[in-house]
Amino acid sequence: MVEQFVGTWTLSASENFDDYMKAIGVSFTTRQMGNMAKPNLVISVDSAGVVSMKSESTFKTTEIKFKINEEFDETTADGRQTKTTITFENGNKLVQKQTWDGKMTTLEREVQDGKLTAKCIMEDVVALRTYVRA
């Protein structure tokens, strides 16, 4: 079900990401690094159905491993400790919900026309990051 996401993706465009990072509480210094980073997103699935999503950049590499619909503890790239659940919706969308300190953000990833888009939503702030297959 997540097969269309499997592979290595390179960030090609980023819109409104600084405002999104500000909205979730990322410090100025970390936002500067986040805005300069052009991460690769490496997604794989093992035989047990565990999905690995690794973000690799010159600044930092983070990886989460999860099963669809199962909550897990995540330490985000900016250091937040979240309770995270990732669901597969509409046959083409991975929806990641992170909750921490009474807040919630949603990241919607989908593959369309050979590109992977990640829509990052925090209240009324929306960032869009576009990746192309490497």
_Tell me if a side-chain donor or acceptor on Thr105 pairs with a main-chain N or O of Ile121 at a distance below 3.5 Å._
yes

*Between the main-chain N or O of Phe59 and the side-chain N or O of Ser57, is there a donor-acceptor pair closer than 3.5 Å?*
yes

*Which one of Lys93, Glu108, Glu110 satisfies the side chain to side chain contact (heavy atoms under 4.5 Å, CB included) criterion with Lys119?*
Glu108

Decide whether [X] and [Y] are clustered together by the hydrophobic rule: side chain heavy atoms of Ile, Leu, Val, Met, Phe, Trp, Tyr closer than 4.5 Å, transitively.
X      : Y      : answer
Leu11  : Val111 : yes
Val125 : Leu128 : no
Leu41  : Met33  : no
Phe5   : Phe66  : yes

Hey, what do you get for [atom1] ([X]) to [atom2] ([Y]), rounding to the nearest 0.5 Å?
X      : Y      : atom1 : atom2 : answer
Thr117 : Glu15  : OG1   : CD    : 10.5 Å
Thr99  : Glu74  : OG1   : CD    : 10.5 Å
Met21  : Phe28  : CE    : CZ    : 10.5 Å
Arg129 : Leu107 : CZ    : CG    : 10.0 Å
Thr87  : Leu94  : OG1   : CG    : 8.0 Å
Leu116 : Thr8   : CG    : OG1   : 11.5 Å

*asked:* Quick test of your reading of the model: are Asp78 and Arg80 salt-bridged, counting only N-O distances below 4.0 Å?
replied: yes

_Residue pairs involving residues 83-134 (criterion ring pair (Phe, Tyr, Trp, His ring centres under 6.0 Å); sequence neighbours excluded)_ = none

Heavy atoms only: give me the nearest [X]-[Y] pair and the separation to one decimal.
X      : Y     : answer
Gln4   : Trp9  : O-CZ2, 3.7 Å
Thr10  : Asn40 : OG1-OD1, 2.9 Å
Arg31  : Val26 : NH1-O, 3.2 Å
Val132 : Ser12 : CG1-OG, 3.8 Å

*Go through the side-chain N and O atoms of Thr84 and Thr82 and say whether any donor and acceptor fall under 3.5 Å apart.*
yes

Anything under 3.5 Å between a donor and an acceptor, one on a side chain of residues 45-56, the other on a protein residue two or more places apart or in another chain? List them.
residue : atom : partner : partner atom : Å
Asp46   : OD1  : Ala48   : N            : 2.9
Asp46   : OD1  : Gly49   : N            : 3.1
Asp46   : OD1  : Val50   : N            : 2.9
Ser52   : OG   : Glu63   : OE2          : 2.5

